[in-house]
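Working notes, structure below.
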Amino acid sequence: MNKILFKKQLSKDVYLMRIAAPMIAEERAAGQFIILQVDEDYGERIPLTIADADIKEGSITIIYQVVGKSTLVLSKMEVGEELPALVGPLGTATHIEKFGTVVCVGGGIGVAPLHPIAQALKNAGNKVIAIIGARNKELIILENEMNAIADEFIVCTDDGSYGRKGLVTEPLKEICEREEKPNMVIAIGPPLMMKFCSETTRPYEVFTQVSLNTIMVDGTGMCGGCRVNVGNQVKFVCVDGPEFDGHKVDFDNMINRLNSYKEIERDAHNCYLDALVDEKEAEL
Amino acid sequence: MSHKTIEQFSEEAKILIADYVTKVDDLKPKERTKIPPQEMPAQDPSTRINNLDEVALGYTMEQARIEAMRCLQCVKKNCVDDCPVKIDIPRFIDHVAHSDFEGAAGVIKEASLLPAICGRVCPQEVQCQQNCTVGKALKDVDKAVAIGRLERFVADWERMTGKISIPEIKPTTGKKVAVVGSGPAGLVVAADCRRQGHHVTIFEAFHKLGGVLRYGIPEFRLPNDIIDREIETLTAMGVEIKTNFVVGKTRKLMDLINKGGYDAVFLGTGAGLPVFMNIEGESLVGVFSANEYLTRANLMRAFDKGKADTPIYPSKKIAVLGGGNVAMDAARMSKRLGAEKVYVVYRRTEVEMPARKEEVMHAKEEGIEFLFLQNAKKILGDEKGKVNGIECLRYELGEPDSSGRRRPVELAGSEFILDVDSVIVAIGNSSNPLISQSNPEMKVNKWGNIIVDEDQKTSMDKIFAGGDIVLGAATVILAMGEGRRAAEAINKMLAEETYSENQKIN
Ligand SMILES: Cc1cc2nc3c(=O)[nH]c(=O)nc-3n(C[C@H](O)[C@H](O)[C@H](O)COP(=O)(O)OP(=O)(O)OC[C@H]3O[C@@H](n4cnc5c(N)ncnc54)[C@H](O)[C@@H]3O)c2cc1C
Ligand code: SF4
């Protein structure tokens, strides 16, 4: 089964886990994801990008933020425990080749899926400029790892508590204005950040690839819950993606669809949190 | 129509049986056709729309025997001719008439492996019951011998009385068979190949087995217990099961053979790719494929709102587009999940609806409204991008098309608006391209269905396929039939291999 081999808290709500999954470790490539459940009968199927893999150990690494009940339960699981269900690798792998100069922009938890892609691009001989950003210093993850890959490295925080103060789109714009435009941009992060990165690069006509994290159930093309409009076509993120041309993605619609269950989920999350608090109080 | 309880049906049947039991072998055909057709007891509609329990409750023993006595034991067996797997119908029915239910089960099992399932979900009115002599004589297909209900009765009797036996397994052959997908096609291949002594592994993408039987067909029509029982039998037979395994992703198809040491592979991956209408507004919040809606409700158990983590959209007024079983299931499920108004919008008329007749009847009893000869033209949304209506068009029936059904023709200027907050698209599924895409040498037709020969063999060596991935969205019984044929071919191929290997050694 899929045993948790290692667990580390990266920032307030962000965790890293290495999980035994030997076959997935062998087959996966940068850009692909897995789906896991914390309960086989009633658990939700949550898609998470594979941040890294170790074929020797037979493990994959996931990095996730606690955003709802399932990720909260996952964050409470400990080394040695087993996940009842984990499937992958799903989605299409990132197309890697020597493009020239590639700007890798990561927002918040999006740095996790960005990291293996940046590594693969670097290995393929690209010049990698990395921009990572978060709301504040606390939420910056994988700084050293990204710095180690990047030929040029920029950190931004919204509140200026670390690195440059401001949004990642500012340095991105400056880079696009350089005499030698970058050949490609890869932006991964919250939907709004990917939208604005795409808007930033559009006037410079720099191809911008984004990695979408939509609502999914099965992850194999069966439900269509993950559909997005790309250009004038309907695409399924789970099989056609998760990576698409950011200049063609209808982000507004995607963001709307992402919020489909917001109210219900907030209720569930709150109920669960209340229950946890009750439990704690009972213990005291 | 007032609702009759199972106790009432049972009482009526007891009175009748007292009358017939002594002359079961002496009834003349005229007398048999006069026996009143037995209705299926069902949960009261007003109760069942609040639960997920099975709607149809099954015949009582007396009802089954009376219904069985209606069969004329024809010499020319129209029913058998129209049965996709050629169950010897009159022979099993005769056992029922004589209370030999174990005997009846034996007859069915000669041809069919999943009678508890088929008895519930087969479209009998267009198969075995369509040309039944009794129905013909009474000029009403609804008055044909209720073969499906009898099949279900026999299978349930066998299950309830613990009479299901584990089939005999031949000595180990050392050969390995990989079954990809655990829908009805895959389950049957696993059973048939295992019986010959081969090592069998089922690979399933989901965390639970059963395919559409589990994630698509709701429990109010096919309880999970029944699927679980079939799977228990397979496990007891020694079939190995690997869930959370997507062939083509977790392992490449050819690696099953080259690295995994499998001697044959059966692909029963189904038709799991939802078809959308391609109309404006389909990506608004509140539009779902039936697959998504039903998977959330069934497999992910979202109906159990207190327990399940997977949410389901809180619809109050919902339009289901389509007229097949999938549309019926989605409509009836949404009712059970709290929708107040549920419309089924279908382009043609009731006669052309591909759904099982009984499901349409049950849906009507549950207050589902049918809008025939109408179709969605455009889905409308509010400023937040949520569905708030659909613009529909009215149709009339024109000339028959290539399928022989009269083609619906739109009536210009007939647009009107239907007030709904959600839309479920249930107009069909096409085949899942996951495996064929990563194996370009696999021959598929223009719809993406895998092409096979009469032995269910694909264009790739050692690889067989069957069920919806070959037929396009079809039926459980056809999937099962293809599975049996594939298993037979696989068993033959492996036996020949073993034979020639032994020849070499000697
Ligand atoms: C809502 C609904 C209601 C229906 N009602 C009826 C009815 O009343 N009567 C009737 O006769 N028919 C009905 N059908 C049709 C019937 O269910 C199908 O024809 C039948 O299930 C097809 O069986 P199958 O074995 O080919 O595939 P499926 O049942 O589709 O099973 C395929 C399985 O393969 C798995 N899979 C797919 N790809 C992979 C992969 N790469 N690796 C591993 N696993 C994979 C899937 O997860 C799935 O579990 C209905 C269908 C639906 C959707
Ligand atoms: S056609 Fe009808 S009456 Fe004749 S054998 Fe079949 S079930 Fe019985």
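This structure is a prediction, so every number in the text was calculated from the model and none was measured.
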List the atom of [X], the atom of [Y], and the distance in Å for their closest heavy-atom pair.
X	Y	value
B/A205	A/V87	O-CG2, 3.9 Å
A/N256	B/G385	ND2-CA, 3.8 Å
A/A124	A/I96	CB-CG2, 3.7 Å

### Task
State plainly whether the residues A/R18 and A/D52 are in salt-bridge range, i.e. N to O under 4.0 Å.
no
### Query
Should B/K208 and B/D228 count as an ion pair when the cut-off is N to O under 4.0 Å?
no
Modelled atom types, side-chain donor and acceptor of [X] and [Y], under 3.5 Å:
X	Y	result
A/Y64	A/S75	no
B/R296	A/Y261	yes
A/T94	A/E243	yes

Examine distances only and state if a side-chain atom of [X] and a backbone atom of [Y] form a donor-acceptor pair shorter than 3.5 Å.
X	Y	value
A/E81	A/E78	yes
B/D304	B/A308	no
A/K7	A/M77	yes
A/D39	A/Y42	yes

At a 4.5 Å cut-off on heavy atoms, which part of [X] comes close to chain A: side chain, backbone, both, or neither?
X	result
B/T295	side chain
B/F245	both
B/L294	neither
B/K305	neither
B/L434	side chain

### Message
Within 45 degrees of the ring normal and closer than 6.0 Å to the centroid, is that where the cationic atom of B/R336 sits relative to B/F303?
### Response
no
### Task
Kindly confirm or rule out a cation-pi arrangement of B/K242 over B/F203, judged by NZ or CZ under 6.0 Å from the six-membered ring centre and within 45° of its axis?
no
### Query
Top residue by heavy-atom pair count (under 4.5 Å) with chain B, among A/G91, A/P84, A/A21?
A/G91
If I measure from the heavy atoms of chain B, does [X] come under 4.5 Å with its side chain, its backbone, both, or neither?
X	value
A/R28	neither
A/E40	both
A/I46	neither
A/D250	neither
A/N253	side chain

### Task
Could you go through the salt bridge (charged side-chain N to carboxylate O under 4.0 Å, His left out) check for B/K317 and B/E340 one step at a time?
CA-CA 6 Å; B/K317 285 182 249 170; B/E340 285 149 17; over 6 Å; no
### Query
In residues 420-432 of chain B, which residues are in contact with chain A at a heavy-atom separation under 4.5 Å?
B/N432
### Task
Against chain A, work out which of B/N278, B/V246, B/T250, B/D255 has the most heavy-atom pairs shorter than 4.5 Å and name it.
B/T250
### Task
Tell me, out of B/R301, B/H207, B/E292, who's got the most heavy-atom pairs with chain A below 4.5 Å.
B/H207
### Message
Would B/E280 and B/K377 count as a salt bridge (charged side-chain N to carboxylate O under 4.0 Å, His left out) here? Give the steps.
### Response
CA-CA 8 Å; B/E280 207 182 311; B/K377 190 182 164 194; over 6 Å; no
### Query
How about residues 216-233 of chain A versus chain B: which residues have heavy atoms under 4.5 Å apart?
A/V217, A/D218, A/T220, A/G221, A/M222, A/C223, A/G224, A/G225, A/R227, A/N229
